Amino acid sequence: MFLVVPDPAHGLVAAPQSSADLTLATEQSLATQGFAWNNEIEAYTRQADHDPAAVDDTVGMLRELGHYVFSAHRPLPRR
């Protein structure tokens, strides 16, 4: 299970619930998307503009790999 959220201090954060969530395919996919492991917060981080689409893209990739994912972001305005 992962939590994916934008964070003012760390950029876009993809935090695994446990080390069991860090499969080789998951780690490679996160690295391909520009994420790097942050030991301080025990999560993958990527500097981002906090765009909701960036959250949704990361969530989609993790779900395609079979992970349960919780996410949060400011919803896009309705038109």
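Just so we're clear, the structure is a prediction, and the values are computed from it rather than from any experiment.
Remark: Ser71 engages Val4, Val55, Val59 in a side-chain contact (heavy atoms from CB on, under 4.5 Å) (not counting sequence neighbours). Shown here are the side-chain contact (heavy atoms from CB on, under 4.5 Å) partners of Val13, two or more places apart in sequence or in another chain: Val5, Asp7, His10, Ala15, Ile41, Ala43, Thr45. Residues passing the side-chain contact (heavy atoms from CB on, under 4.5 Å) test with Ser29, sequence neighbours excluded: Met61, Leu65.
Each of Leu3 and Val69 belongs to its own hydrophobic cluster when Ile, Leu, Val, Met, Phe, Trp and Tyr are linked at side-chain heavy-atom distances under 4.5 angstrom.
Between Tyr68 and Arg63 there is no side-chain heavy-atom pair separated by less than 4.5 Å.
Taking CG from Leu62 and CG from Asp21, the interatomic distance works out to 9.5 Å, rounded to the nearest 0.5 Å.
For His67 against Thr23, the heavy-atom pair with the smallest separation is NE2-OG1, 4.5 Å. Closest approach of Arg46 and Gly34 over heavy atoms only: CG-O, 3.6 Å. Nearest heavy atom pair, residue Ala14 against residue Phe2, reads C-CD2, 4.0 Å. The shortest non-hydrogen separation linking Glu27 to Leu22 is OE2-CB, 3.4 Å. Between Leu12 and Phe35, the shortest heavy-atom contact is O-CE2, 3.5 Å.
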